[in-house]
Amino acid sequence: MRMNPAILSSTLTLLAVTLPSVWGADVTVGTATAHAGERATGFIQVPGGVDAPTNIPVIVINGSKPGPRLALVAGSHGTEYASIIALEKLAQTVNPAALSGTVIIVPLINLASFSQKVPHLNPVDGKNMNRMYPGNPDGTQTERALWAIGRQVVQPSDYFIDLHGGDLDENLRRYSYWPQTGNKKLDATSRGMVMAFGLDHIVIQKYEGPAAPGATPVSRFANDLGKPTVIAEAGHAGTTDAEDVDALVQGSENVMRYLKMLPGEVRPVEHPVWIGEITTVRSDQDGIFYPLVVPESYVQQGMRIGYTTDYFGNRLADIKTPVSGVVVYVCSVPSMKKGDTAAYIGEIASAP
Ligand SMILES: [Zn+2]
């Protein structure tokens, strides 16, 4: 596992400052301070800089018994609503009296995306709030926000969960990612967490090379700091169906049981479909997209997964999959530009 020495030393400094030396101490994140056995809400304050300030909501649930610190985040893509609603629910349902350890919940990182209904990016600076870790205290709003979340939420945690879902233009089946860092102990713990989470399609996410500056998601940032991590996706096209929201809430609670933070048995998923590679199928035309598959379809190499027309309805091109596998996501809207993603195809792997 590669570790940026500068990040490591700042992590250790921060850990020494913020972790309570004795169980029962208050836990503070942003403006939220929770006594042992209590819940508190507040904001991670991101001061103004080259652009506007923002306040990111945070919930601290400080258990009545000792245990690890689990951080959960959602809404870096602010229109992936099912994942945001799931953390809103979880924040209400985790009972501090029954909790061993501390749960930190950041349900909505990208407030401007949410409130303005802008998918994928932070409309304040046009940046992707899950690609810019470790952030920059002197950068634009996205970079300043991620710098704050990295230091105040990710670094002091022991375990990490990042929730996503199909965005406004994405029709997606539920799945999770199991990151492969090369650190056997870390990867084994993450595997236990992803099996406990319980989704029955799991993408084996391979890291190739060091994290790229300006292209680093929060999960990779957490992994590089040695935090076992699960990423889960549920929801599609702006919906908040109960089965998607519940899958994320129950999955998160099951990980807490796996980590002995909540009482109760965990029944891990027994025979998940393992996905070894995800292939992005793109359109080579501007135009109108018509899908021919739905999520969960199994497709054969060369099969049409959709087609495009021009703005008069004339057929332009078939879009074919270059690999066989399962459709994990297909574009849910007719808007299509050359180079845009039409679908993700997951290639089935044997159980690792
Ligand atoms: Zn997302």
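Each residue takes its place number in the sequence, starting with 1. Remember, it's 1-based here, ligands and their atoms both numbered in the order they're listed.
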Counting backbone and side chain alike, does His77 bring an N/O/S atom below 2.8 Å of the Zn ion (ligand 1)? yes

If the threshold is 4.0 Å, N to carboxylate O, is there a salt bridge linking Asp187 and Lys184? no

Is Glu233 close enough that one of its N/O/S atoms sits under 2.8 Å from the Zn ion (ligand 1)? no

Arg220 charged N/C atom sitting above Tyr133 aromatic ring, 6.0 Å / 45°: no

Taking side chain as C-beta onward, heavy atoms only, is Asn110 less than 4.5 Å from Pro123? yes

To the nearest 10°, what's the angle at the Zn ion (ligand 1) between atoms ND1 (His164) and OE2 (Glu80)? 150°

Indicate whether any N or O donor in one side chain lies under 3.5 Å from an N or O acceptor in the other, for Asp167 and His77. no

